[in-house]
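Chain A is the first sequence line, chain B the second, and so forth, proteins listed ahead of strands; every chain is numbered from 1. Nothing here was measured: the structure is a model prediction, and the numbers come from that model.
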Amino acid sequence: AQDLFMYCGAGLRQPVDELLNTYFQQTGKKVNVEFGGSGQQITRFKATGQGDIFLPGSHFYVDQLKEMGQVTFSLPVVLHIPVVAVNKGSAEKVKTFADLAKPGIRVGLGDPKAMALGRTAEDILDNSGLREAVLKNTVVRTATVKQLTLYIVKGEVDAGIIARADGCQNQDKLVYFGVDPSWYKPDIVTAAVLKTSPQPEEARKLAEFLGSPASVEVFGKYGFLPVK
Amino acid sequence: MAELELIGVKNRFVQRTDLHVPDGETFAIVGPSGAGKTSLLRIIAGLEPHEGRILIDRSEVQSVPANRRAVGMVSQDLHLFPHLTVEGNLFLAMSRSDCSRTVRRRRVSDLMELLRITHLAGRKPATFSGGEKQRTALARVLASAPRLLLLDEPFSKLDFRTARYLRAEFKNLQAQLGLTSIIVTHDIEEAADLARTVSVMRSGLLTVSGCRTGQDSQAGNPVELFLETPNLLTCRPIRNLGNGLVEAEWAGGILHIPDEGQPFSSFTVKRRGVEIGPAPPAGPRINRFTGLIRQVKINDDSAMILLDVNSAILRVETTPEDWTRMGLSEGNTVHGLMKLRALEACCPIISSRDMPK
Amino acid sequence: MAELELIGVKNRFVQRTDLHVPDGETFAIVGPSGAGKTSLLRIIAGLEPHEGRILIDRSEVQSVPANRRAVGMVSQDLHLFPHLTVEGNLFLAMSRSDCSRTVRRRRVSDLMELLRITHLAGRKPATFSGGEKQRTALARVLASAPRLLLLDEPFSKLDFRTARYLRAEFKNLQAQLGLTSIIVTHDIEEAADLARTVSVMRSGLLTVSGCRTGQDSQAGNPVELFLETPNLLTCRPIRNLGNGLVEAEWAGGILHIPDEGQPFSSFTVKRRGVEIGPAPPAGPRINRFTGLIRQVKINDDSAMILLDVNSAILRVETTPEDWTRMGLSEGNTVHGLMKLRALEACCPIISSRDMPK
Amino acid sequence: MSRLDRLLTIPLVLFGLVVAGVLAALVTEVTPAELLGSIVHPETLYALRFSLLTSCAAMASATMLGVPAAYFLARHDFPGKGFMETLLDVPLVMPPLIAGVGLLFLFGQGMMGGHLARMGFYLVLSPWGAVAAQTFVATPIVLRSAQAAFASVDRGYEEAAATLGLSSLQIMIRVNLPLAARSVLSGLVMAWARTMGEFGATLMVAGATRFRTETLPIAVYLNISSGETGIAVSCSLVLLSAAFLLLLSTRLLNKPQPENHLHQRRSSWPNWN
Amino acid sequence: MSRLDRLLTIPLVLFGLVVAGVLAALVTEVTPAELLGSIVHPETLYALRFSLLTSCAAMASATMLGVPAAYFLARHDFPGKGFMETLLDVPLVMPPLIAGVGLLFLFGQGMMGGHLARMGFYLVLSPWGAVAAQTFVATPIVLRSAQAAFASVDRGYEEAAATLGLSSLQIMIRVNLPLAARSVLSGLVMAWARTMGEFGATLMVAGATRFRTETLPIAVYLNISSGETGIAVSCSLVLLSAAFLLLLSTRLLNKPQPENHLHQRRSSWPNWN
Ligand SMILES: Nc1ncnc2c1ncn2[C@@H]1O[C@H](COP(=O)(O)OP(=O)(O)OP(=O)(O)O)[C@@H](O)[C@H]1O
Ligand SMILES: Nc1ncnc2c1ncn2[C@@H]1O[C@H](COP(=O)(O)OP(=O)(O)OP(=O)(O)O)[C@@H](O)[C@H]1O
Ligand SMILES: [Mg+2]
Ligand SMILES: [Mg+2]
């Protein structure tokens with residue numbers, strides 16, 4: 001049979017690479033995967049009308065496709081939860097979320113429209129009650145979480161709200177701590193089988209493989225948390 | 001190789017021109033700066049829009065593009081291809097020819113020899129001297145084997161010796177190949193030397209005269225005026241004085257004309273070789289005359305005076321200042337003196353004066 | 001305004017040159033194509049690397065950059081600024097001057113008038129005719145008010161009338177401003193007309209002669225050879241024959257020389273005005289002589305023969321072909337004949353021949 | 001038109017059609033409502049203004065850097081010149097994101113940021129960062145075109161100017177610059193167009209803070225990232241229209257200048273066959 | 001060196017230092033292990049090869065499209081020419097992602113993809129898509145530089161060539177092209193550099209499938225997107241080194257050609273003051 005074609009959020013690249021290797025060894029099924037920004041991939045999917053499976057970093061994009069009626073099956077895989085990451089050099093100054101509101105702290109946040117975590121950050125700000133103070137400290141908004149991570153790692157900002165996975169992958173250069181879970185709704189990495197798939201059965205098998213506990217464990221290695 | 005005819009050709013810079021250059025002839029154009037000489041050549045070459053008809057070998061070419069006319073031109077700015085060597089320039093000019101490679105190579109080396117640029121063969125023109133560039137341009141246009149050759153001041157940057165040599169070679173070549181050509185020059189000697197017909201262009205108007213000695217000339221004819229054509233006068237030699245002078249009768253008087261060792265029945269006298277004045281001028285007592293001022297024409301830098309000497313017409317040129325000083329006007333009588341050195345007997349063979357044979 | 005001195009100047013194209021041009025003088029250079037004339041001017045202007053010293057007004061300038069030398073140059077290619085109008089070109093050339101705006105404007109319009117380009121004032125040079133460009137370049141260099149003026153064939157694209165006018169104006173201007181200048185030209189008449197000193201450049205070697213009639217000349221001197229300087233010969237006039245000829249004694253024989261209406265004690269004879277041969281040539285019986293061939297020098301296109309006529313030295317030029325045909329060689333005796341028209345008495349005042357006063 | 005001319009129009013028409021096709025494809029993709037929404041949206045207007053301002057500032061500095069450097073390089077030979085020129089070409093090849101990362105590292109806290117900050121100059125994450133990034137991208141384009149242009153100018157003009165006594169500065173500004181103007185300008189336009197469309201380097205150095213460091217291309221990117229292709233395309237149509245109008249107007253303003261006819265005698269090309 | 005020359009070196013040195021600084025900042029960012037890892041990684045090598053191949057193919061088509069079109073535009077006036085030229089400039093301004101989106105729409109299923117597919121020609125999601133995207137980006141650069149270059153050539157050469165009987169094609173290829181060569185080449189180099197560094201349009205049209213449509217800049221982008229900055233930087237260093245070597249070698253190979261001295265009498269510039 002034909003290879004499968006998968007759109008995958010670029011942020012999930014390391015675990016997905018590993019998993020697809022395993023999948024190939026287990027089933028002999030080859031998956032062509034295209035990594036990229038999820039928004040871009042929706043655009044491309046709309047224009048090309050090709051693809052079997054979509055794995056964005058946030059269920060937000062799957063919802064968009066669902067609205068368009070392009071999804072035949074979907075499955076939550078892992079959680080993408082926000083953390084406050086702090087540059088090692090500023091670790092003394094920022095120890096709690098409230099410290100982000102301290103004068104003189106430089107905070108970076110994601111763009112609320114472009115970035116799933118940007119939206120999450122907005123929720124956190126609203127619910128923490130520190131919105132104004134933190135926004136006053138916010139010196140930059142970024143287009144991607146990786147950009148924000150880079151700023152924190154490089155010390156351009158003292159702290160920012162990034163994904164746990166990114167914090168986990170840069171442990172040597174920054175410290176991170178969690179945020180009150182009641183302040184936000186976590187993003188869910190979701191696998192969606194696309195309506196355009198010529199082999200929906202195979203695609204569904206792959207989606208289920210990605211959602212299997214073994215896979216979730218692999219995701220865990222990279223800092224993702226299982227969906228409860 | 002070709003016959004050229006212009007019928008009612010004109011544009012912004014050239015007034016209505018009719019012209020016929022017979023096959024194998026050279027036609028020279030002289031004239032002041034900005035007269036439209038270059039413009040006329042460019043029209044003939046097909047580089048300038050114009051009205052009227054151009055016929056080469058009796059077929060109309062005015063709507064034929066320049067590169068199909070086989071009309072070669074050396075422009076004032078030469079425009080040698082700077083990215084090619086001399087050889088490259090010549091070979092490119094032959095790209096239309098269907099000769100074999102060997103023939104072409106021979107032709108290129110012959111032309112370089114002819115124009116004395118063999119030593120420059122492998123160099124690019126950027127660093128050439130003015131004369132070297134001009135000779136390369138001549139070689140290049142000859143390489144393209146045109147039917148008709150248009151030369152815009154082709155020898156202006158050459159010292160007189162090289163120019164003389166090239167003029168001679170050009171005449172040879174032209175005789176051999178029967179080239180028809182039009183040459184623009186500021187050197188009237190050169191024009192007279194190369195061309196049977198010399199014409200003058202002034203403010204866009206081309207006036208064709210006859211031969212350089214102006215047999216068919218009229219008074220005030222712009223060609224005459226511009227060229228300072230010498231007076232060609234008919235005389236009756238009486239006797240050879242043996243002292244290098246020949247006594248001859250002209251306009252009812254006696255003249256002494258230098259002996260050229262040949263019989264003659266006419267002579268020329270340069271316009272500036274005649275001194276005139278209200279009273280007899282100083283100088284030797286021979287070759288004097290009196291005449292009537294028939295017409296005067298004053299230009300920027302010359303005064304042309306038409307004299308009637310016993311019904312013979314004599315044209316005299318002087319400077320406007322001198323003219324004013326004389327205080328004469330039309331209708332007055334003047335005394336004149338022809339300088340001996342300005343007189344030349346018209347012998348049947350062309351004098352070889354400055355030309356190598 | 002300035003005095004120029006070159007001491008041991010040389011480079012790849014110019015051989016070691018020592019030269020002194022006194023303040024207010026014009027120095028002319030003629031010479032064959034590719035001789036290095038332009039190169040020498042470029043060295044003086046500061047555009048070409050070289051060895052040796054250049055002094056202007058006794059101060060060394062060889063390490064002064066071109067734009068600080070106040071040496072104006074009209075190059076063969078003119079290089080008018082194509083993005084500026086004629087006026088723009090002239091104003092830019094005056095940017096160094098500290099005159100007021102009104103003075104400059106007046107100066108520009110005067111210069112345009114002088115060079116007869118006022119009608120072109122607002123046009124850009126791209127579409128100018130050759131002569132229009134050349135006059136604009138002359139106006140531009142004059143606008144820059146140089147101490148020293150270098151002119152590389154400045155009148156070559158002008159008809160003879162305009163050239164004559166400009167030469168006269170140039171001489172006026174030079175007299176007025178005391179301009180020192182060097183002019184390269186291919187027109188020997190022009191050189192002689194403008195410059196007190198004419199020199200010849202050949203294969204990079206500059207040879208300075210005296211005056212055009214070559215008083216201080218030696219046989220075989222390259223200036224002599226190149227210029228075809230006429231023979232300047234001393235004679236003793238005997239009597240005026242009254243028929244326009246003067247009888248004079250020269251080299252033990254009698255010559256008939258055209259009468260210029262003035263007393264004289266020397267005369268010139270053009271080298272090509274002497275016919276020679278192993279037997280007496282045809283022609284009138286006067287002005288004949290015999291001489292001894294002392295020296296022969298054959299060039300590409302001329303044969304120079306030095307004759308000893310009764311201890312007087314006479315230089316004769318013929319073509320190499322004619323020379324070969326004669327079958328003569330050094331030491332032989334030849335018969336000669338001076339053409340009457342080639343003889344000119346040297347009168348104390350300069351003949352005004354072709355020049356407007 | 002000659003046969004060759006007809007042949008030459010084929011690529012012209014072909015590419016013209018592709019460009020028009022791409023534009024048409026983009027236009028048909030957006031609803032009028034989306035388009036109108038983007039046009040009047042204060043964020044779009046801010047981004048447009050910010051884009052224009054930063055690109056003009058960047059062009060000013062790119063011109064100040066690139067044109068003199070090009071003038072120098074076109075006229076001097078020195079050992080290692082080829083190496084230097086190639087080095088200056090490197091930003092042309094750099095993927096913009098990497099150029100941004102490099103500038104971020106260079107001007108960030110790690111290397112020079114501290115020093116710059118002490119001088120009161122914040123480049124990173126500030127609007128000046130956008131200018132710096134765009135300058136970095138534009139300068140090599142300006143430099144390269146201008147260098148080729150200056151090198152193509154006949155040196156005789158400069159020599160003539162020198163013998164007329166003009167200073168080197170006058171020679172540069174009043175002679176060589178106008179003579180090279182056409183290609184220099186064309187390089188400037190290309191560089192300007194590049195800065196207008198540039199987002200990778202700007203994004204990295206200046207961030208994507210709305211109403212602060214958001215250029216139109218960044219707005220486009222943000223909207224693409226959130227999957228709102230329609231709005232992204234409308235934003236880019238706003239950008240393209242603005243650029244189109246600007247380019248067209250400079251072109252029309254320059255049209256009657258006879259500088260376009262530097263060397264010619266005729267006003268239009270003849271047709272050879 | 002004259003005073004002006006010394007002044008001119010300031011921008012040159014300044015920008016040279018910035019470029020060198022950016023490169024240094026990038027180099028210090030990666031560990032030798034990362035660098036080595038990327039260099040020998042088959043994916044990097046594939047991407048490098050793919051980048052070189054597609055950019056060469058794209059340059060071939062951009063040259064075929066841009067140079068003839070430029071030649072035509074430089075020599076003909078027609079109504080609407082300014083509009084047409086501006087239209088052809090538009091891709092210069094387009095943010096690459098949007099150019100990609102436009103091409104995707106145009107050649108995708110919606111508009112022309114079906115027809116193309118029936119002709120057996122798949123552009124979208126295929127390596128040809130990368131070539132198409134890069135061509136789209138490169139052509140206007142080629143066109144603009146070449147047009148300025150052709151327009152600057154003295155028409156007298158062409159007229160001389162015509163009176164010598166050369167055909168229009170010969171005039172174009174053997175006269176005008178060599179005379180405009182310097183600026184045309186410089187435009188080609190800029191365009192090539194752009195295609196080598198381009199990722200937005202390529203990403204959109206061709207996708208980012210490994211070992212299939214992954215160019216080096218896309219690899220860089222993906223590594224940045226997945227947070228692996230070190231690898232991204234090493235990949236881009238590989239890209240930059242390859243480009244650097246290529247550019248340097250073409251430069252050194254071209255060096256002794258005396259075409260660099262088209263108009264000059266002297267071999268080096270004098271120094272005015
Ligand atoms: N495109 C143009 N626009 C305006 N005037 C022009 C144009 N082309 C030529 N002229 C003018 O037409 C006149 C004739 O020019 P042309 O070059 O034919 O003169 P010419 O007789 O060759 O003069 P020269 O002996 O000085 O070369 C000149 O005055 C020139 O300025
Ligand atoms: N850069 C160069 N490389 C090689 N040869 C050169 C260079 N520059 C000049 N020459 C040569 O030097 C010689 C002298 O040139 P120059 O221009 O001084 O001659 P010229 O006396 O002015 O001749 P013309 O009367 O023809 O203008 C020429 O043969 C020329 O080809
Ligand atoms: Mg002319
Ligand atoms: Mg010369």
Side-chain angles (χ1 to χ4, degrees), chain D residues 2 4 8-9 11-12 15 19 21-22 25-26 29 65 68-69 71-72 75 82 86-87 89-95 97-98 102-103 105-106 111 139 144 148 151-152 154-155 162 168-169 171 182-183 186 190 193 196-197 199 217 220 224 236 240 243-244 247-248 251-252 263-264 269 272, chain E residues 2 4 8-9 11-12 15 19 21-22 25-26 29 65 68-69 71-72 75 77 82 86-87 89-95 97-98 102-103 105-106 111 139 144 148 151-152 154-155 162 168-169 182-183 186 190 193 196-197 199 217 220 224 236 240 243-244 247-248 251-252 263-264 269 272:
Chain D
S2 74
L4 178 69
L8 291 179
T9 54
L12 181 64
F15 187 63
V19 174
V22 165
L26 288 174
E29 197 59 23
L65 286 171
Y71 195 71
F72 184 87
R75 301 151 49 80
T86 314
L87 186 73
D89 277 346
V90 162
L92 292 171
V93 190
M94 266 190 199
L97 277 174
I98 283 296
L103 285 169
F105 291 166
L106 182 64
M111 296 177 83
T139 305
R144 213 176 212 290
S152 301
D154 186 338
R155 293 185 180 187
S168 340
L169 189 67
I171 292 175
R182 191 200 302 272
S183 290
S186 143
M190 283 198 289
M196 281 296 284
F199 94 94
V220 169
I224 286 193
S236 60
L240 295 182
F244 188 91
L247 289 173
L248 191 64
R251 206 165 241 127
L252 295 182
H263 300 285
Q264 88 204 40
W269 279 103
W272 327 120
Chain E
S2 73
L4 178 69
L8 292 178
T9 54
L12 181 65
F15 188 64
V19 175
V22 165
L26 289 174
E29 196 58 23
L65 286 170
Y71 195 71
F72 184 87
R75 300 150 48 81
D77 259 330
T86 314
L87 186 74
D89 278 346
V90 162
L92 291 171
V93 191
M94 266 188 197
L97 277 173
I98 285 297
L103 285 169
F105 289 162
L106 182 65
M111 297 177 80
T139 306
R144 214 177 209 288
S152 301
D154 186 340
R155 294 185 179 186
S168 342
L169 189 66
R182 191 201 302 270
S183 291
S186 143
M190 283 198 289
M196 280 297 285
F199 85 88
V220 169
I224 286 192
S236 60
L240 294 182
F244 188 91
L247 289 173
L248 190 65
R251 205 166 242 128
L252 295 183
H263 300 284
Q264 87 204 45
W269 278 103
W272 327 120

Drop me the distance from E/Thr86's OG1 to D/Leu247's CG, to the nearest 0.5 angstrom.
6.0 Å
Pick from E/Ala193, E/Gly197, E/Gly102: which one has the most heavy-atom pairs with chain D under 4.5 Å?
E/Ala193
When the 4.5 angstrom heavy-atom criterion is applied to E/Leu103 and chain D, the contacting part is both
For D/Phe199, is it the side chain, the backbone, both or neither that has a heavy atom under 4.5 Å from a heavy atom of chain E?
side chain
E/Glu29: what forms a salt bridge (charged side-chain N to carboxylate O under 4.0 Å, His left out) with it, not counting sequence neighbours?
A/Lys154
Going by heavy atoms in the side chains, are E/Leu8 and D/Arg75 under 4.5 Å from each other?
no
Can you tell if the side chain of D/Ser152 reaches within under 4.5 Å of the side chain of E/Ser183, non-hydrogen atoms only?
yes
Which portion of E/Leu4 sits near chain D, non-hydrogen atoms under 4.5 angstrom
side chain
Heavy-atom pairs under 4.5 Å with chain D, option from E/Ser236, E/Gly21, E/Ala148, E/Ala243 with the top count:
E/Ala148
Quick one: list whatever passes side chain to side chain contact (heavy atoms under 4.5 Å, CB included) with E/Pro95, sequence neighbours left out.
D/Pro217, D/Leu239, E/Ile98
Quick check on D/Leu87 against chain E: is it the side chain, the backbone, both or neither that has a heavy atom closer than 4.5 Å?
both
Side chain, backbone, both or neither: which part of D/Leu248 has a non-hydrogen atom closer than 4.5 Å to chain E?
both
Checking heavy atoms, do the side chain of D/Val90, its backbone, both or neither come under 4.5 Å from chain E?
both
Here the gap from E/Leu12 atom CG to D/Phe72 atom CZ, rounded to the nearest 0.5 Å, amounts to 6.5 Å
